[in-house]
Amino acid sequence: MTTQSPSLNLNLGAVLALLAAAASASAQTAPATAARPPAATGARLLDCMIQPHQVVQIGSPVPGVIDSITVDRGDIVRSGQAVAHLASGVERAALAVARERAEQQGEVAVANSSAALAQRELRRAAELYQQAFVSQTYLDRSRAEAQVAGGRTEQAMERRKLAQREVELAAAQLQQRTLRSPIDGVVVERFMSPGEFIDQKPVLRIAGIDPLRVDVLVPASAFGRIQSGMQGKVVPELLNRSERVAVVKTVDRVVDAATNTFRVRLELPNPRHELPAGLRCKVDLGIEMPAAAVLPSPVAAR
């Protein structure tokens, strides 16, 4: 049977005491040196989608054969710019004929001369009637001929006005053979090529990217806290993830029961076309919301 010496027990007790003191000192200094986690806040970034402000498909109001297309995919276009032309030889010829007809002066000149001659004969007939050299019948006939000549003059002037309207009609029909962009934007799709027959199919698709539209789905618990005119900070998913300021334009008044969200639409200025449409993004609307389940993408819920 072995026995432990009192000196060994004393040394062991001293070691344990030293370890306890070191642990106590470490516990006292740890709160002062350890980095505290950031305070939790209710604000959160919401998923959003950057979309074109407007997308239009350009077609033709009249059927015809495409003569030329002056733009291609990726080109920047301005409102009113000609982007395609249809074959227009017949319309140009019709406009030339209408202009020549409207410029003719002969019919009006002849009618004016006939009316002037009839008025002179009427005056002579009246003088002769007063001198009893002609009968009342002759005077009545001269008066009727003067009225007919005046009517012919009015008809000639009306036909000339009609010819001018025909010029406007022919010019409008010729204008229909030129397709123009209704908005400022960028060409995103080209559907047809020169030589193809166009009837009801679109030729080009153009997207307006200034301003851009930002769609975001917000939890229903935040309804009533977002108003038109509020600003939001938008961070697009790009290498240059700089914040951009957008303005709330519309807030849906109906909550989607399936996702328990409502849609908010913001307007994001893009004057230099630095941002493309179709980007995913994050937006901070400056409101606090409780933690919730992951919201659906604005594209998936569209």
Side-chain angles (χ1 to χ4, degrees), residues 56-71 77-185 191-204 206:
V56 296
Q57 293 190 13
I58 298 180
S60 173
V62 294
V65 177
I66 299 177
D67 185 50
S68 64
I69 299 178
T70 59
V71 296
V77 297
R78 298 298 178 186
S79 177
Q81 177 181 338
V83 295
H85 301 275
L86 303 184
S88 56
V90 175
E91 287 74 17
R92 293 181 186 277
L95 177 60
V97 170
R99 283 176 175 169
E100 290 182 3
R101 185 181 296 114
E103 293 173 357
Q104 291 178 354
Q105 303 286 341
E107 185 177 5
V108 176
V110 170
N112 288 334
S113 299
S114 299
L117 176 61
Q119 289 295 329
R120 290 195 299 270
E121 290 182 353
L122 176 59
R123 288 194 296 269
R124 293 195 191 99
E127 293 174 357
L128 294 175
Y129 176 77
Q130 291 177 357
Q131 298 175 7
F133 288 124
V134 294
S135 64
Q136 179 69 41
T137 303
Y138 183 82
L139 178 61
D140 292 342
R141 185 182 301 110
S142 297
R143 185 178 292 113
E145 289 177 354
Q147 292 176 351
V148 171
R152 291 197 182 104
T153 300
E154 292 179 358
Q155 286 181 345
M157 295 179 66
E158 290 173 354
R159 279 194 288 267
R160 187 177 181 186
K161 290 180 179 179
L162 182 60
Q164 293 173 349
R165 296 293 181 269
E166 289 177 351
V167 171
E168 296 175 1
L169 175 60
Q173 291 174 341
L174 179 61
Q175 285 294 325
Q176 287 184 326
R177 315 297 287 186
T178 299
L179 309 185
R180 300 182 182 275
S181 173
I183 61 172
D184 294 341
F191 300 106
M192 306 188 76
S193 300
E196 294 188 76
F197 181 80
I198 179 176
D199 189 1
Q200 297 180 349
K201 297 180 180 179
V203 180
L204 300 167
I206 297 177

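We're numbering straight along the sequence, starting at 1.
Rounded to the nearest 0.5 Å, atoms CD1 (I206) and CD1 (I58) are 3.0 Å apart. Rounded to the nearest 0.5 angstrom, D67 CG and R177 CZ are separated by 10.0 Å. Atom-to-atom distance recorded for L95:CG and E100:CD is 10.5 Å, nearest 0.5 angstrom. Rounding to the nearest 0.5 Å gives a distance of 7.0 Å between CD of Q136 and CZ of R143. Distance check, rounded to the nearest 0.5 Å: CG of L122 to OH of Y129 gives 13.0 Å. E121 contributes atom CD, which lies 10.5 Å from atom CD of Q119 (distance to the nearest 0.5 angstrom).
Closest non-hydrogen pair, P63 versus F197, comes out as CB-CZ, 3.8 Å. Closest approach of A163 to A102, counting heavy atoms only: CB-CA, 3.7 Å. When every heavy atom of A98 is checked against every heavy atom of V167, the shortest pair comes out as O-CG2, 3.2 Å. Between A149 and S114, the shortest heavy-atom contact is CB-O, 3.7 Å. E145 and A118 make their closest contact through O-CB, 3.9 Å (heavy atoms, listed as atom of the first residue, atom of the second, distance). A84 and T70 get closest at one heavy-atom pair: N-OG1, 4.2 Å.
The number of heavy atoms from other shown groups lying within 6.0 Å of CZ (R160) is above 12. Heavy atoms of other residues, nucleotides or ligands lying less than 6.0 angstrom from CD of Q131 number more than 12. Dense packing is recorded around CZ of R180, with more than 12 heavy atoms of other residues, nucleotides or ligands lying under 6.0 Å away. At most 12 heavy atoms of other shown residues, nucleotides or ligands fall within 6.0 angstrom of atom OH in Y138.
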Walk me through it: do S60 and L179 pass the test side chain to side chain contact (heavy atoms under 4.5 Å, CB included)? CA-CA 7 Å; S60 173; L179 309 185; 3.9 Å; yes
Test E91 against L86 for side chain to side chain contact (heavy atoms under 4.5 Å, CB included), laying out the working first. CA-CA 11 Å; E91 287 74 17; L86 303 184; over 6 Å; no
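Contact annotation: the side chain of K161 never approaches that of M157 to less than 4.5 Å [non-hydrogen atoms, C-beta and beyond]. In this structure, V203 and F191 have side chains that are not in contact, with every pair of non-hydrogen atoms separated by 4.5 Å or more.
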